[in-house]
*Asks:* 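Sharing a structure with you now.
Chain letters run A, B, ... following the sequence lines, proteins first and then strands; every chain starts at 1. The figures here come from the full heavy-atom set of this structure, side chains too, leaving out hydrogens, waters and symmetry mates.
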Amino acid sequence: MPTPDKGLTLTRMIWRTLHRQLVRTSLSALGVAIGVIAIVALGAVAKGLRASVQGSIKSSGSDMMIWQAGVAADIFSSLDEADTRKKLAEFSEIQDVAAGMSHLIRTPGARGVAALQIIIGIYPGEFGQQAQEPLDGRRFRTPSEIVVGYRFAEKQKLHVGEPIEIEGSTYQIVGTFRSGIVFYDGAIVMHIDEVRRIKIADGRVTSFNLRLKPETDPIELGKRIEARYPELAAIADESQYNKIDQGLEASDDMVGAVSFIALIVGSLVIANTMWMSVAQRTREIGVLRAVGWPRRRIVGMVLMEALGIGVIGGAIGMGLGVLLAELTRSLPFSWQFMDPIYPPSIFLRAMGIALLLSLVGAVIPAIRASRIAPVEALRYE
Amino acid sequence: MSKVESGPHAAVSARNLRKAYESGRIIALDDLSLDISEGEFVAICGPSGCGKSTLLNLITCIDRPDSGSLRVFDRNLTRINDLSADAFRANDVGLVFQLHNLLPHLTALENIQVPMLGQSGSARDRSQRAAGLLQRVGLSDRMNSLPTTLSGGERQRVAVARALANQPRLILADEPTGSLDSTTGERLMDLLMELRDSMQVTLIVVTHEHGVAEKADRTIRMLDGRIDD
């Protein structure tokens, strides 16, 4: 007599059912996966954005940043450098100040990778330059020298020692750097005066990074700065970034909205699948009832089948979501500020939503299945 | 293997059973009374619509009588609740259908284990018990076969093994040979009778076929919801 296998379990039975309806299972799983893809991809990008903002605020030992209050987006911030330095000097807790100027230009060269390019202007002598620790070459010293982030260098296939033309002027690349901050690593960093010249913004800066004396509470100091100078926005943490840019909150809202839509669409897909599955298996379920399966086990079976689809869809969605998020690294322009990161919470959330929508979608079909009478097994037509 | 004690105790005891459908317009069972002893093989015959299936549904707790009393192995089924009815079907009754009603995506061995799910014992124990049952019905070499690869007779043998899965005291077979040719049908009945003898179960077979009825210890003929004396 052949040796029997490990034995039938409810889980194995459910797996066989899903496998038997392979096309239906796959299509339903893809329906679930679409939502998960969006949740993972958008979530990873949003997390990456927040991490980059936090990195910018804390770069080179910076404790906080000062921007123009009331701007629609950070890139529009414009402060009078001398006037702002004077105001900041009134606060004895501030140990060091580094000015920065950001701007967007047309991509140099004709390689067509990016339509727009971030350039960042800093003073070579200020601590802000420390964020661009050279990976290769050295820091810039003169207005005709620049350093570039390693991601920019890789994209544009540029190397130390090569010239680059920016807005009609030629600069020498003297170094590449890796800061770990996506905005910087995809940017061109040059003398602040050059950025002002290009932007036609003499005497202006976009923001300041501040180093504070030990034991100083940056949040409390920020409140005092803003109270005395309402035209300034003090940001000590990425959670305060909404004072000057709503992009982070918008991205979080988008993830939330997509999650909600995914819940609705995925639930409907699962509901349709399980409804059809139950309808087509009326006799089978009748047999299960006839051999003594209680209603609750029938409910459990249908819900577990739906969960099985949810798990498959969730796994597919997480894989494709990572793939999609990684694609943003190669998209024109977006690669400069998108560096998706994948904390476990993103995957837990995505899988949680996949399982939840599977359960929600399967509730009504499961109840329907539990109401199938055992007598259905005895019908012969 | 049997849980049945020998002796002439009543396996089924029905008194004045009445069951009607469509607000009383169709009377399926009309004041029906019968007794079936433990270990007995009873064939229930009669024309279509005579109430055979209704009686079978009542004995298996699939349906409830409108009035009268029904006891199976001293268990009162007249007003049994759904959960108890499920447990009764799972533990005390084995059903064999006209069509095998095997789950097409499960192997013969796995189909036999379906009624065992939720019962005590490990999955491996269940599998070994199922293998033993397959051996009893002469299909130990087909344990990993899907129903689609089995002949009609083999499928019904698997269905019989499934009916025995939880060591029931009563087997009800509803036209078990109805979808089989005469030779295969006769073999199946021989198998059921052999199992009845060896496992000392009570066997009730609903059938149209005289050949099947002739093998029974007793034949109950029904007509218009009553026993036709």
*Asks:* Considering only heavy atoms and a distance below 4.5 Å, find which of A:Arg289, A:Arg281, A:Arg296 pairs most often with chain B.
*Replies:* A:Arg289
*Asks:* Is there a donor in the side chain of A:Arg24 and an acceptor in the side chain of A:Gln280, or the other way round, less than 3.5 Å apart?
*Replies:* yes
*Asks:* Any carboxylate oxygen within less than 4.0 angstrom of a Lys/Arg side-chain nitrogen, looking at B:Glu110 and A:Arg12?
*Replies:* no
*Asks:* Given side chain to side chain contact (heavy atoms under 4.5 Å, CB included), test B:Ile44 with B:Leu56 step by step and report yes or no.
*Replies:* CA-CA 9 Å; B:Ile44 300 176; B:Leu56 188 142; over 6 Å; no
*Asks:* For B:Phe41, does the six-membered ring have the charged nitrogen or CZ of B:Arg196 within the cation-pi criterion, i.e. under 6.0 angstrom from the centroid and within 45° of the normal?
*Replies:* no
*Asks:* If you count heavy-atom pairs under 4.5 Å between each of B:Leu134, B:Leu102, B:Leu106 and chain A, which one has the most?
*Replies:* B:Leu106
*Asks:* Tell me whether the count of non-hydrogen atoms from other residues, nucleotides or ligands lying under 6.0 Å of NE2 in A:His19 goes above 12.
*Replies:* no
*Asks:* Side chain, backbone, both or neither: which part of A:Arg20 has a heavy atom under 4.5 Å from chain B?
*Replies:* side chain
*Asks:* Which atoms of B:Arg129 come close to chain A, meaning under 4.5 Å heavy atom to heavy atom: side chain ones, backbone ones, both, or neither?
*Replies:* neither
*Asks:* Going by atom types alone, do B:His105 and A:Thr17 pair a side-chain donor with an acceptor below 3.5 Å?
*Replies:* yes
*Asks:* Looking at every heavy atom in both A:Ile285 and A:Ala369, which two are closest together, and how far apart are they?
*Replies:* CG2-O, 3.6 Å
*Asks:* Please give me the minimum heavy-atom distance between B:Thr207 and B:Ala213, naming the atom from each residue.
*Replies:* CG2-N, 4.2 Å
*Asks:* Taking non-hydrogen atoms and a cut-off under 4.5 angstrom, which of residues 79-87 of chain B neighbour chain A?
*Replies:* B:Asp82, B:Leu83, B:Asp86
*Asks:* Non-hydrogen atoms of chain B under 4.5 Å away: do they reach the side chain of A:Arg295, the backbone, both or neither?
*Replies:* both
